[in-house]
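Read through the structure below, which is laid out as structure tokens, and then see the notes.
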Amino acid sequence: MTHVHPAGAAGGGELRIRPARAADGDLLRALDVATWSHLHAVTEPPSPGAPFFDDRHRTDDYLVAELPAAAPAASPGDAARVVGYVCVVPPTALPVNAHVRQIQGLVVAPDVRGAGVARALLRAAAEHARAAGARRLTLRVLGHNAPARRLYESEGFAVEGVLPEEFLLDGAYVDDVLMGRTLL
């Protein structure tokens with residue numbers, strides 16, 4: 001499955017969303033390192049040398065956004081630049097909620113933010129979840145991350161719950177906001 005979206009301001013070419021490959025690991029880790037912030041993360045900053053994919057983070061769980069390279073490619077592997085990813089997984093291993101998928105990571109390179117990459121990744125995630133038989137798509141977002149919350153709401157997600165002051169980040173208590181949408 002590969003989705004193509006006009007990229008507009010994101011580089012003047014077509015944005016492609018495709019399944020992740022094992023070879024993407026270093027690029028996705030570099031994106032994590034470059035974008036980590038307590039605005040959206042409750043974990044410690046990622047280690048630049050740690051592998052991106054492992055037993056809990058499988059390539060099958062990720063969709064990758066890429067744009068055509070700015071200059072002519074020196075080799076076929078240089079033909080595109082990875083600018084983001086989304087991770088879509090079952091929220092638990094329980095059969096009773098196998099009809100649900102959860103977004104557990106959405107990252108966009110800083111230089112292409114605001115150009116529709118995150119929106120395209122969310123739409124591809126919904127299609128990916130639907131194709132896997134999911135009826136619902138959920139996510140968690142930190143209460144102080146207003147830009148992400150607005151984006152999710154504009155893509156059909158609604159607040160389904162709030163865990164007040166769930167996290168203590170940089171000396172401030174932050175709500176954990178649970179959001180979801182139907183895929184039917």
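Numbering starts at 1 and runs along the sequence shown.
- Panel note: side chain R136, backbone H99; no donor-acceptor pair is recorded below 3.5 Å.
- Contact check for P19 versus H128: no side-chain heavy atoms found under the 4.5 Å cut-off.
- A continuous path of hydrophobic side-chain contacts links L67 to L122 [ILVMFWY only; heavy atoms under 4.5 Å].
- Clustering ILVMFWY residues whenever any of their side-chain heavy atoms sit less than 4.5 angstrom apart, transitively, puts L139 in a cluster other than the one holding V89.
- With hydrogens and angles ignored, the 3.5 Å screen pairs no side-chain donor or acceptor of R29 with any backbone N or O of G49.
- Residues Y152 and V107 do not share a hydrophobic cluster, defined by chaining ILVMFWY side chains whose heavy atoms lie under 4.5 Å apart.
- Side-chain contact between D24 and T59: absent, with no pair of heavy atoms (C-beta onward) separated by less than 4.5 Å.
- L121 is listed as a side-chain neighbour of I17, based on a closest heavy-atom distance under 4.5 Å.
- Annotation: side chain of R101 is in contact with side chain of P90 (closest heavy-atom distance under 4.5 Å).
- Across all their heavy atoms, W36 and P46 have their closest contact at CD1-CD, 3.4 Å.
- A salt bridge does not link R181 to E155: none of the charged side-chain nitrogens sits closer than 4.0 Å to a carboxylate oxygen.
- Between the D175 side chain and the E165 main chain, a donor and an acceptor come within less than 3.5 Å of each other.
- Distance CZ/R56 to CG/D61: 11.0 Å, rounded to 0.5 Å.
- Proximity of a side-chain donor or acceptor of H40 to a complementary backbone N or O of T35 within less than 3.5 Å is detected.
- The shortest side-chain heavy-atom distance between E66 and L27 does not fall under the 4.5 Å cut-off.
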### Query
Given the rule in the side chain to side chain contact (heavy atoms under 4.5 Å, CB included) test, do E127 and L63 qualify, once you have shown the distances and angles that lead to the verdict?
CA-CA 11 Å; E127 185 176 320; L63 299 174; over 6 Å; no

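- A chain of hydrophobic side-chain contacts below 4.5 Å, direct or via other Ile, Leu, Val, Met, Phe, Trp or Tyr residues, connects I103 to V162.
- You'll find the side chain of L39 stays beyond 4.5 Å of the side chain of L142, heavy atoms only.
- Residues A126 and L183 approach most closely at CB-CD2, 3.8 Å, considering heavy atoms.
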### Task
Kindly determine whether L169 and V42 satisfy side chain to side chain contact (heavy atoms under 4.5 Å, CB included), including the steps that lead there.
CA-CA 7 Å; L169 303 173; V42 298; 4.2 Å; yes

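- Atom CG in L168 sits 9.5 Å away from atom NE2 in H38 (nearest 0.5 Å).
- Between S154 and R119, the shortest heavy-atom distance links the atoms OG-NH1, 2.9 Å.
- D111 places a side-chain heavy atom less than 4.5 Å from the side chain of R81.
- Of all non-hydrogen atoms in A129 and V88, the two that sit nearest each other are CB-CG1, 4.4 Å.
- The side-chain heavy atoms of V83 and L15, taken from C-beta on, include a pair separated by under 4.5 Å.
- The aromatic rings of F53 and Y62 sit perpendicular, their planes meeting at an angle over 60°, well past the 30° parallel limit.
- Side chain of R130 to backbone of L184: no donor-acceptor contact under 3.5 angstrom is found.
- Taken together through direct or relayed side-chain contacts under 4.5 Å among Ile, Leu, Val, Met, Phe, Trp and Tyr, V86 and L31 form parts of separate hydrophobic clusters.
- Across Y85 and L28, no two heavy atoms sit closer than the pair CD2-CD2, 3.7 Å.
- Between M179 and E153, the shortest heavy-atom distance links the atoms CE-CG, 3.6 Å.
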